Protein chains: 4
Amino acid sequence: MAERTSSADLRRLILDTTRHLLVEKGYADLSMRKIAKAIGYSATSIYLHFENKDALFHALIEEGMERLLAELKQAEAAHPGDPVARLEALCQAYVHFGLENPEYYEIMLLLHPAHMARYPADKFRRARRNLDVIEAALIDGVNQGVMQATNTRVSTSVIWAALHGAVSLLNAKRVDIRIAHKDLIAETVRHTLRGCCPSLER
Amino acid sequence: MAERTSSADLRRLILDTTRHLLVEKGYADLSMRKIAKAIGYSATSIYLHFENKDALFHALIEEGMERLLAELKQAEAAHPGDPVARLEALCQAYVHFGLENPEYYEIMLLLHPAHMARYPADKFRRARRNLDVIEAALIDGVNQGVMQATNTRVSTSVIWAALHGAVSLLNAKRVDIRIAHKDLIAETVRHTLRGCCPSLER
Amino acid sequence: MAERTSSADLRRLILDTTRHLLVEKGYADLSMRKIAKAIGYSATSIYLHFENKDALFHALIEEGMERLLAELKQAEAAHPGDPVARLEALCQAYVHFGLENPEYYEIMLLLHPAHMARYPADKFRRARRNLDVIEAALIDGVNQGVMQATNTRVSTSVIWAALHGAVSLLNAKRVDIRIAHKDLIAETVRHTLRGCCPSLER
Amino acid sequence: MAERTSSADLRRLILDTTRHLLVEKGYADLSMRKIAKAIGYSATSIYLHFENKDALFHALIEEGMERLLAELKQAEAAHPGDPVARLEALCQAYVHFGLENPEYYEIMLLLHPAHMARYPADKFRRARRNLDVIEAALIDGVNQGVMQATNTRVSTSVIWAALHGAVSLLNAKRVDIRIAHKDLIAETVRHTLRGCCPSLER
DNA sequence: AATGAATGAGCATTCATTCAT
DNA sequence: GATGAATGAATGCTCATTCAT
C-alpha cells in the first residue's frame, strides 16, 4: 500500500484523511492510530511528516484559512464595482465554504480555546485576513454611501457572527429539520445585508 | 476531607465544579477523575450522585435549558405590550445568558453531533421551546404590522443564528480583542432588529 | 421494604438471594452491591449478618453440604436392607440435588481452589461426610458379597467423580443438546452400578 | 526490559504465562495487568499481540482443543485393531491431558456458561469433535460385539462425564488426599470400561 | 437494625509518543 | 522512508469494605 505514495503525497494523504475522519468522528474522537489505520500506514509514519498531533491539526487549520481566503477573494473578484453585490457574494461564499467543508470549519472555528492556546499566535493573526476582505467591502460601501456603519470593525464582526452562527448551527444539525438549509442561508444573507444597507428593498 | 458538605451540597458542588471545568478545559478534556480532584473527593464519590458521566452532563444540560428559559421568560415579562421591545429584551437576555454562563452554553449548544447522540433527543427537543418564545414575539410583531417576516419559523432561526454566532465567537475568544464585548452585542442586537423591523430607525 | 423482615429472616433472604443470583450470573459476577440491590437493602446491611463476602459464601457452602447430606440420608432411609438399591438411590439423590440446586452445587464444588483456600479447613472436612454415606453403602455391599471393590475409599471417589462429571457437564450446558438429561443420568447411574456390582444384569 | 524476546516469542510468553496464572488464580482472578506484571511487560504490550482479553483466552481455548485432539489421535493410533484397547488408551489420554494441562482444561471445560457466551459457539462445537473420537471407538466395539451400548451418543457422554469428573475433582484438589491420583485414575478407567464391555474381567 | 457517605484499589482499554532498526 | 515494539498515563467504571450516625 505504501508503494506509490511519494513523501509529499503521503503528507497530503494524511491531511485529507484527517479531514474526512474529522467530519465522521469529531475532533475528540480522532487519534493518530485511527488516522494511521485509515491511510494504511503505521502510526509512526505520521510523525515523519508532522511533529505531533498538534502540528498536524495546525497545518490543517492553516490550510483551511488559506482555502477560505481563496474562495472569498474569488467571490469578490466577480463584483469589482458594486460593494453591496460584493458583500453579498462574500457572505454567500463564507457560508458555502463552511457548509461544504465542515471539517475545516470545525478545526478552524469550533475548537475549544484551551486547544487553540497551543496554536501559534502569529498564525492566528493570519486568520483575521479573512475578515479584512469583508471589512474592505464594508468600507467601500460606506464611502460610496450605500452602506452604513458606525464602526466598520465592529460591523464586520457582527456580520461574521451572523454567518458563523448559521453555519455552525446547520453543521451541528441544531436547526429545526423542517427548515431548508438554503432558506435559512438566503434569509441570513438578506438579514445581514439589510442590517448594513438601509436603502435596501429586498 | 468532605467534612461539612451534605449530600445535596455535594451534588451541587459536582455540578458547579463540572461547569467551571467545562469552561477551562472543554468537554473533551473533562474526566471524572479531574472533576473529583477539583472537588477534593474520590472519583467514586461522583458515582454516588450520578449514575455515570453521561448522566452528569445530562443533568447539566437540563439545568442549563431551564435557566435559559427562565431568563427569557423573565425578560419578556417586562415588555408585555410592545413586540419590538420584547424581541429586543429577548435578544439581550439570550446573549447575556450565553456570556454569563459559557459552561451551560457549551454543553447545551457546542456539543459535537457525534457526542450528542448519547444524550436523549427529547431533551434537545425541549431546547426548541426556547426558540418558541422568540417566535411568539415575532408573530405578535408581524400581526401588529411592526415586523416583517415571510416565514416566522425561518426568521426565528436566523435571529437565533446571529445571536448564537456572537455568543460563541465571544466565548471562544475569537473576536478581535480591540472590540469591546458590549459594542459587538449592541450592534448585533441592532442588526437583528433592523432585519425584522423595516421601519426601525436606530 | 425493610419493614417486616426480622433479623433472622434477613439473613435467610440474603442467603437465598445470593443463591439465585449465583445461577444467573455465576460466582465471578456477583457483588455485594448486586445482592444488596436484589434484596432491597443497603450493601452495608449484609455486613451486619456476614463478616465479609467470604463468610457469606462459606455459610452458603456449609448450608449446601448439610442439605445434600440430608437428601442423601433420606434417600438411603428408603432402602435399609438392600445395599445395591441403596447405592442406586444415593446416586440418584446426588445427581438430583446437583441439578436442582445448581447454585449450591456451584459454590460447593466448582469454586476455584484459590478461592477455596480461604474456606476454613475444619468445615472442609465436614464435606467428606457426604461421601461417607456412599462408602458405607459400598462397604455393606462388599460385606454382603453383592459388590466388589479393592479399596472402598477409592471406589467411592470413582463413583462420586462419575456423578459429579455428569452433574457439572449438564449444569454447564456442555452436553450435546440432542441428549435428554434423564437419559444421561439414567445411563450414568447404570454404568456406575455396573462398575461396582459385577453380577448386575440391567 | 524485554531485550531478547522476539515478537513471536512474546506472544508465546503471554500465552504460556496466562496458562500458568490460570492454574494459580483461576479465570475470574486473572487480569491483563497481572499477566503483564508476570511477564515483565507493560499491559499495553499484550494488546500488541491480542486484540483484547477475550481474544487472548480465545486463542488459549483453541490451542487447548487442538492439543487434546492431537493427544487423543495419537493415543488411538497405537491400537488400530482392538476397540477395547483403543477406548482404554483414549480414556488414559484424556485424563492424562486434563491432569497435565490443568490450565487448558480450566478454560476449555470449567468456564461458567455466563462467560462462555463471550466465546464463539463454533469453537465450542469443535470441542465435540474430541468426543467423536471416543464415540468412534465405541461404535467399532459394538459392531465387533465386544462392547454394549443402547445409544452410543449417550454412552459417549457418560464415559466423558466419568473422566471429566475425575479430572476436575483431582485438579480442584477435592479428592481425599489419602487417595493416590494414579489409583483413582486407574479405577476410573476400569469402571468406565467395565460399564461398556460386559465381558471384561479385570 | 440499618444506612448513606466515602474511598483505594482494581478493571479493560486507548492514547500520543519514542526508539531502535 | 517506514515500521514494529514498547510504554506511562489516562479513561470510565465497579468492587469490597469502613465508619459515623
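The sequence lines fix the lettering, A, B, ..., with proteins before strands; numbering per chain opens at 1. Note that the structure is predicted; figures quoted are calculated from it, not measured.
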Between NZ of D/Lys37 and P of F/dT7 the distance, given in whole Å, is 15 Å
> So what does A/Leu30 touch, heavy atoms closer than 4.0 Å: a base, only the sugar-phosphate, or nothing?
Replying inline: sugar-phosphate
Separation of E/dT13 atom P from D/Arg118 atom CZ, nearest Å, is 8 Å
B/Met32 CE to E/dC11 P, in whole Å, measures 21 Å
Practice prompt. Please evaluate the base of F/dA10 for a donor-acceptor partner in the side chain of B/Arg33 within a cut-off of under 3.5 Å?
Written response: no
Ranking C/Lys53 and B/Lys53 by the position along DNA chain F of their nearest nucleotide, the one closer to 5' is B/Lys53
Quick note, A/Ser31 side chain, CB onward, closest among E/dA16, E/dT7, F/dT17 is E/dA16
Reckon C/Ser42 has a side-chain N or O less than 4.0 Å from the OP1 or OP2 of E/dA2?
no
C/Phe57 CZ to F/dT17 C1', in whole Å, measures 15 Å
Between B/Asp9 and B/Arg12 (salt bridge meaning N to carboxylate O under 4.0 Å), is one present in this structure? no
Considering only heavy side-chain atoms of B/Thr44, the closest of F/dC13, F/dC15, F/dG8 is F/dC15
**Item:** Cation-pi check, B/Lys34 onto B/Tyr27 ring (under 6.0 Å, within 45° of axis)
**Value:** no
Checking N1-N3 plus N6-O4 or O6-N4 for Watson-Crick, or N1-O2 and O6-N3 for wobble, each under 3.5 Å, the partner of F/dT21 is E/dA2
By nearest-heavy-atom nucleotide on DNA chain E, the more 5' of D/Glu51 and C/His49 is C/His49
Whole-Å distance, A/Ile46 CD1 to E/dC19 P, equals 18 Å
Using side-chain heavy atoms (C-beta onward) and a distance below 4.5 Å, is D/Leu111 in contact with D/Tyr119?
yes
Determine whether a donor-acceptor pair (N or O, by modelled atom type, separation under 3.5 Å) exists between the side chain of B/Lys53 and the backbone of B/Leu30.
yes
I want to check one thing: is the phosphate of E/dA6, taken as OP1 and OP2, less than 4.0 Å away from some side-chain N or O of B/Tyr41?
yes
Rounded to whole Å, CG of D/Leu21 lies from P of E/dC11 at a distance of 12 Å
Q) Taking only N and O in the side chain of D/Lys34, is any of them less than 4.0 Å away from OP1 or OP2 of E/dC11? A) yes
The side-chain hydrogen bond (donor to acceptor under 3.5 Å, both in side chains) partner of D/Arg19 among D/Glu63, D/Glu106, D/Glu103 is D/Glu103
When rounded to whole Å, the CZ to C1' distance for the pair C/Phe50 and E/dA2 reads 16 Å
D/Arg11 CZ to F/dA5 C1', in whole Å, measures 16 Å
Looking only at F/dT14, F/dT17, E/dA6, the nucleotide nearest the C/Ala43 side chain is F/dT17
Against the side chain of C/Tyr47, the closest entry in F/dT18, F/dT7, F/dC13 is F/dT18
- Ion pair present between B/Glu62 and B/Arg67, side-chain N to carboxylate O less than 4.0 angstrom? no
Side-chain atoms of A/Leu48 come closest, of E/dG4, F/dA16, F/dG1, to F/dG1
